[in-house]
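For reference, the structure is listed below as structure tokens.
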Amino acid sequence: MKMITAIINNNDSDAVCSSLREEGFYFTKMSTTGGFLRNGNTTLLMGTEDDRVADALEIIRANSRKRTADAPVPVMGNVEMGLPMSSVTIGGATVFVTAVEQFEKM
Ligand code: 2BA
């Protein structure tokens, strides 16, 4: 078994979750916040059999889009005129797949 941790843009979350549900995946959905932009995003925890990991990743990939957002650029000194902004590309999804040593439901 693997644990898939998927950080998903809030705008893609409904589509990703409903597709995963349709295909019978189990997951826990958490409201999370990006450390850099401090915008809300969605993190899914998915305990998944090894032979279904590729299917789960494909569903996430197919429903996640790249977007751009403005991010403040850190500067030294006077910021009275406001921080300069720069564009960053967000996503699609950020996904970690890790091995699960033990899995039990009690
Ligand atoms: P945020 O931390 O709010 O990051 C939003 C976007 O800002 C990132 O998009 C990336 O384009 C940019 N960014 C983040 N940290 C940066 C930095 N130190 N310098 C320059 N640009 C930076 P994504 O990479 O697609 O990440 C989307 C969200 O996924 C992140 O939101 C964060 O919540 C999560 N994430 C991404 N990489 C992660 C990692 N290695 N570990 C944990 N969470 C991660």
Side-chain angles (χ1 to χ4, degrees):
M1 172 172 264
K2 298 285 192 293
M3 175 62 74
I4 301 174
T5 305
I7 303 160
I8 293 164
N9 191 294
N10 275 349
N11 296 312
D12 296 327
S13 166
D14 285 348
V16 170
C17 290
S18 56
S19 297
L20 289 171
R21 249 180 250 116
E22 275 167 26
E23 295 302 320
F25 286 98
Y26 285 36
F27 57 91
T28 296
K29 181 178 170 185
M30 300 187 293
S31 294
T32 47
T33 304
F36 188 66
L37 295 181
R38 288 169 279 184
N39 289 337
N41 50 31
T42 298
T43 298
L44 303 181
L45 294 183
M46 306 176 60
T48 309
E49 295 303 331
D50 288 17
D51 61 358
R52 299 205 72 203
V53 169
D55 290 345
L57 298 187
E58 190 44 48
I59 289 171
I60 295 167
R61 184 177 292 112
N63 289 282
S64 298
R65 313 264 174 274
K66 281 191 183 359
R67 297 179 171 82
T68 55
D70 288 334
V73 179
V75 291
M76 301 290 286
N78 189 340
V79 292
E80 274 176 20
M81 301 296 287
L83 289 173
M85 304 295 277
S86 120
S87 186
V88 294
T89 301
I90 309 171
T94 299
V95 179
F96 305 87
V97 180
T98 46
V100 173
E101 196 169 307
Q102 191 169 347
F103 169 65
E104 293 183 35
K105 289 191 176 181
M106 299 176 193

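Sequence positions, counted from 1, serve as the residue numbers for this chain. The basis for the numbers below is simple: all heavy atoms, side chains too, and nothing from hydrogens, waters or symmetry mates.
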Count I, L, V, M, F, W, Y as connected when their side-chain heavy atoms are under 4.5 Å apart, and connections chain through other members. Are Phe25 and Met3 then in the same cluster?
no
To the nearest 0.5 Å, tell me how far Leu44 CG sits from Thr5 OG1.
9.5 Å
Between Val95 and Ala6, which heavy-atom pair has the shortest distance, and what is it?
CG2-CB, 4.1 Å
For Met85, is there any backbone N or O sitting under 3.5 Å from a side-chain donor or acceptor partner on Asp70?
no
Are Ile7 and Leu45 connected in the hydrophobic side-chain network, where two residues link if heavy atoms are under 4.5 Å apart?
no
Worked check of side-chain contact (heavy atoms from CB on, under 4.5 Å) between Val16 and Thr42:
CA-CA 10 Å; Val16 170; Thr42 298; over 6 Å; no
Quick one: pull up OG1 in Thr43 and CE in Met30 and give me the separation to the nearest 0.5 Å.
5.0 Å
With sequence neighbours left out, write down each residue that passes side chain to side chain contact (heavy atoms under 4.5 Å, CB included) with Ser19, or none if nothing qualifies.
Ile59, Asn63
Quick check for you: to the nearest 0.5 Å, what is the distance between Asn9 atom CG and Ile90 atom CD1?
6.5 Å
With sequence neighbours left out, write down each residue that passes side chain to side chain contact (heavy atoms under 4.5 Å, CB included) with Phe103, or none if nothing qualifies.
Met1, Val100, Lys105
About how many Å separate CD1 of Ile60 and CD1 of Ile4, when rounded to the nearest 0.5 Å?
5.5 Å
Please give me the minimum heavy-atom distance between Ala93 and Ile8, naming the atom from each residue.
CB-CG1, 4.0 Å
Atom CZ in Arg21, atom NZ in Lys29: separation rounded to 0.5 Å?
6.5 Å
Please walk me through it: do Asp55 and Glu23 pass side-chain contact (heavy atoms from CB on, under 4.5 Å)?
CA-CA 9 Å; Asp55 290 345; Glu23 295 302 320; over 6 Å; no
Heavy-atom pair with the smallest gap, counting every atom of Asp12 and Arg65
OD2-N, 3.0 Å
Minimal non-hydrogen separation, Leu37 against Ala71, with atom names:
CD2-CB, 3.5 Å
Walk me through it: do Thr48 and Phe27 pass the test side-chain contact (heavy atoms from CB on, under 4.5 Å)?
CA-CA 9 Å; Thr48 309; Phe27 57 91; over 6 Å; no
